[in-house]
Participant: 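Could you have a look at this structure, given as structure tokens, before my questions?
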Amino acid sequence: MTIGADRATLESLLMTRSLDDLELAAASDAAPDYPILPDASVLKIGGQSLMDRGRSAVYPVVEELARVKREHQLLIGTGGGTRARHVYSVAAELGLPTGVLTGVGAAVAGQNAQMLGYLMARHGVPVVGHEAFSALPLYLAEAHAVIFPGMPPYDMWQRVPNQGVIPPYRTDAGCYLVAEVYGCRNMIFVKDEDGLYTANPKTDPSATLIPEITVDELISLDLPDVVVERPLLELMRHARHVRSIQVINGLKPGLITRALAGEHVGTIISAA
Amino acid sequence: MTETRAESPADALPLFAVKDVPSALMRQTLLDRELVKAIDRPVIRLLPWLNVVALGGRSIIDGGAGALGPVVEELRGALAEHRLLLLTGPGVRARHILGVGLDLGLPTGVLAALAATEAEQNGHLVAALLAEQGVSYLPHTAVAHQLAVHLAASRAVVSNGYPPYGLYEFPPEHSKIPPHRTDSGAFLLADAYGARSTTYVKDVDGVFTSDPARSGGTGNSNSGNATSGNGGQPELIREITAAELLARNLPALPIDATVLKLMANAKHVQQIQIVNGRTPGNITKALRGEHVGTIIRTG
């Protein structure tokens, strides 16, 4: 079929069918994928794992980010951390819904973005909220890096979890979706462990590192605790651009640089 | 003196210590199922008197004076009795921009943001028609954080039915069409606020066993029988659960399939009703709790 015929079919399906129609889905699926920022990489700087540790953890990361941005375009997203856990805990005990928790939790990732922004200000790196994302290309061209709060803007429209009220789509999902929508080169989660373990290595000494795994394998392992938000794994299944992520240890100097260069230095989780 | 004193508070902390705020979730990954379960509490209804009404874009608003006009009049009449959050769909212009955007190779998140703009414009149209009664259009942030004060000042407000997912829309399976649209946005808000009722105003009597538009039916049959198959004359399904409806895998539903999936986790909303806004009186009856279309229950 020619490009013209494809487009005619798609337009006719769009005008006549339900948006859940399977033929329309297939026609839309066949549309081209144009990566918007293919040279940029998204890094997520953990809240509890890095920011909450203060300068002993954050200063070296800031120095490394300032160095690597000379060669790479960086979109630096921030996590929540211990204050997010506190406000979730208080709000959940009060019986407040997931939407309210999402809004107050988002503020914590915003604070971490501000703090990281002050530390990177001397390197010319701005903090940009998602409402100003249309200026990202300019910031990347001029400063080679921007910092953004990692929480997705779902607010009162956050999906409700099967159990409890903790927002299921938090900063891991938010940073990942930024990488996916812009068609970025890398999605790297900078945390305080060497990657994904068979259990939480902080509480279980028998936990062993899994260097590489697929989403399907990871879901079938049904681990009690996973280093990234579980719903992220489902999002990865249907991704068109970012088909793998790497989780690395930001407390070990040099790993951010090596991961950006394409080296396998943590756990790589792939969609297939 | 045998103990060495730390030189500064920062040095007194072990290297890489986390500065925790004490809480039930402290030190948790929030990813451990057992630990997160421990803080499960009943969720309160923030606005138990709220009625959420979603106005279909293609089915009602695109119909212009003939279709939207009478619906607006009926809503005007309902203001004395009910407090309403009116949410608008985008309609045919969203279909157009989806077509252009897909052709350009733009991703689902960009398409979601573009389509949402059309729903917003429709919201402005509806709000303008009800302005005389004190009804205004509210942007997403006001709906999320100032809905209570606006509905204390006015009997109704209008907003964009699309949820604010935008660039953060989920990549859908075998498709690039944004999965969270007006119907989902309305449902998520109704559940978050613990609304009294959730009504979807469309141009069909409810969910049929087959698509009345495509099988040449009138869309007005009223059999009350939910058991017939896909073949033959379309029959109205008066009442069904979300899980049953999903399992029947009907080819064309008047409501987005995502809503049926979201219903499984609802904290408050126990049922939604799809009503035909082209039949005068239906919206009024539905707001009074009458069964005039298809009721879909959460379980």
Side-chain angles (χ1 to χ4, degrees), chain A residues 7 10-11 14-15 18-21 24-26 28-29 31-34 48 52-54 56-57 82-83 85-86 88-89 92-93 95-99 103 130 133 152-157 159-166 174 177 180-181 183 200 224-226 229-230 235 238-240 251, chain B residues 10 15-21 23-26 28-34 36-37 39-44 46 95 98-99 102-107 109-110 143-145 163-168 170-177 181 185 188-189 191-192 252-253 256-257 262 265-267:
Chain A
R7 178 164 180 180
L10 179 62
E11 285 182 353
L14 273 169
M15 289 301 166
S18 145
L19 287 179
D20 288 326
D21 183 84
L24 171 57
S28 74
D29 198 44
D33 292 315
Y34 184 92
Q48 179 157 262
D52 288 347
R53 292 174 185 273
S56 61
T82 193
R83 296 185 307 286
R85 284 158 179 74
H86 180 264
Y88 290 154
S89 173
E93 201 187 358
L96 294 171
T98 299
H130 57 80
F133 270 12
Y154 301 151
D155 212 326
M156 286 297 271
W157 294 260
R159 278 185 170 217
V160 174
N162 177 255
Q163 210 163 29
V165 291
I166 304 286
L177 287 168
E180 168 66 13
V181 77
N200 184 350
D225 203 343
V226 182
E229 292 160 20
R230 283 175 218 279
L235 295 175
H238 309 142
R240 311 183 80 88
L251 301 179
Chain B
L15 185 65
F16 297 150
V18 178
K19 299 161 179 64
D20 271 322
V21 180
S23 77
L25 295 171
M26 181 176 71
Q28 280 191 30
T29 57
L30 296 185
L31 306 168
D32 186 315
R33 294 187 191 115
E34 292 307 309
V36 169
K37 207 188 325 185
I39 59 159
D40 208 352
R41 296 276 187 286
V43 182
I44 58 177
L46 302 184
R95 307 297 183 110
L98 288 174
L102 282 165
D103 189 60
L104 294 173
L106 296 173
V110 171
V143 170
H145 303 285
Y165 280 37
L167 297 180
Y168 294 79
F170 299 3
E173 186 176 8
H174 307 310
S175 173
K176 287 173 79 172
I177 306 290
R181 304 187 295 270
L188 288 164
L189 266 186
D191 196 55
L253 292 173
D256 296 340
L262 293 173
N265 287 352
K267 299 287 179 194

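The chains referred to below are lettered A, B, ... by the order of the sequence lines, with proteins before strands, and numbering in each begins at 1.
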Participant: Just so I understand: if I count every heavy-atom pair under 4.5 Å between each of A:Pro97, A:Ser28, A:Ala31 and chain B, which residue has the most?
Facilitator: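 The residue among A:Pro97, A:Ser28, A:Ala31 with the greatest pair count is A:Ser28.
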Participant: Measure the CG-CZ distance between A:Asp20 and B:Arg181 for me, rounded to the nearest 0.5 Å.
Facilitator: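 Answer rounded to 0.5 Å: 4.5 Å.
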Participant: Quick check for you: among A:Arg159, A:Met15, A:Glu11, which has the greatest number of heavy-atom pairs under 4.5 Å with chain B?
Facilitator: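 When all of A:Arg159, A:Met15, A:Glu11 are compared, A:Arg159 has the most.
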Participant: Between A:Arg240 and chain B, which part of the residue has a heavy atom less than 4.5 Å away: side chain, backbone, both or neither?
Facilitator: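 The side chain, not the backbone.
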Participant: Of the non-hydrogen atoms in A:Tyr154 and B:Tyr168, which two are nearest, and what is the gap between them?
Facilitator: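 What the structure gives for the nearest pair is OH-O, 2.6 Å.
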Participant: Which residue out of A:Ser18, A:Gly183, A:Pro161 racks up the most heavy-atom pairs below 4.5 Å with chain B?
Facilitator: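 Among the listed options, the one with the most contacts to chain B is A:Pro161.
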Participant: With rounding to the nearest 0.5 angstrom, report the CG to CD distance, A:Asp29 to B:Glu173.
Facilitator: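 Here the interatomic distance stands at 10.0 Å.
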Participant: Counting heavy-atom pairs closer than 4.5 Å to chain A, which one of B:Gly166, B:Ala192, B:Ser175, B:Ala144 comes out on top?
Facilitator: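 Option with the greatest count: B:Ser175.
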Participant: At a heavy-atom separation under 4.5 Å, does B:Pro172 approach chain A through its side chain, its backbone, both, or neither?
Facilitator: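 Backbone only.
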Participant: Identify which part of A:Asp33 has an atom lying under 4.5 Å from any heavy atom of chain B, answering side chain, backbone, both or neither.
Facilitator: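 Contact with chain B is through both the backbone and side chain of A:Asp33.
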Participant: So which atom in B:Pro171 and which in A:Glu180 form the shortest heavy-atom distance, rounded to 0.1 Å?
Facilitator: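 Closest approach of B:Pro171 to A:Glu180: CG-CG, 4.0 Å.
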Participant: How long is the gap from CD1 on B:Ile177 to CG on A:Asp21, to the nearest 0.5 Å?
Facilitator: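 B:Ile177 atom CD1 to A:Asp21 atom CG measures 9.5 Å (nearest 0.5 Å).
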Participant: Is any side-chain heavy atom of A:Asp155 closer than 4.5 Å to a side-chain heavy atom of B:His145?
Facilitator: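 They are in contact (side-chain heavy atoms under 4.5 Å apart), so the answer is yes.
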Participant: Name the option with the most non-hydrogen atom pairs under 4.5 Å to chain A; the candidates are B:Asp191, B:Leu262, B:Ile44.
Facilitator: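 Counting heavy-atom pairs under 4.5 Å, the top option is B:Ile44.
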Participant: Within the 4.5 Å heavy-atom criterion, are A:Leu19 and B:Leu98 side-chain neighbours or not?
Facilitator: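 Yes, side chains in contact.
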Participant: Where do A:Gln163 and B:Lys267 come nearest, in terms of heavy atoms and distance?
Facilitator: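 The pair with the smallest heavy-atom distance is C-NZ, 4.2 Å.
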Participant: Could you tell me which of B:Val110, B:Leu253, B:Leu46, B:Leu106 has the largest number of non-hydrogen atom pairs under 4.5 Å with chain A?
Facilitator: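 Among B:Val110, B:Leu253, B:Leu46, B:Leu106, the one with the most close pairs to chain A is B:Leu46.
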Participant: Below 4.5 Å, heavy atoms only, C-beta onward: do B:Leu167 and A:Leu177 meet side chain to side chain?
Facilitator: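 In short, these two side chains do not touch, never coming nearer than 4.5 Å.
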Participant: Using heavy-atom distances under 4.5 Å, tell me whether A:Leu96 contacts chain B through its side chain, its backbone, both, or neither.
Facilitator: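 Both parts, backbone and side chain.
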Participant: Of all heavy-atom pairs between A:Met156 and B:Leu189, which one has the smallest distance, and what is that distance?
Facilitator: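 Nearest heavy atoms, A:Met156 then B:Leu189: CB-CD2, 4.0 Å.
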Participant: Can you say whether B:Leu104 sits under 4.5 Å from chain A via the side chain, the backbone, both, or neither, judging by heavy atoms?
Facilitator: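 Backbone of B:Leu104 only, per the 4.5 Å heavy-atom cut-off to chain A.
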Participant: Using a cut-off of under 4.5 Å for heavy-atom pairs, which of A:Gly103, A:Pro152, A:Pro153 has the most such pairs with chain B?
Facilitator: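 Counting heavy-atom pairs under 4.5 Å, the top option is A:Pro153.
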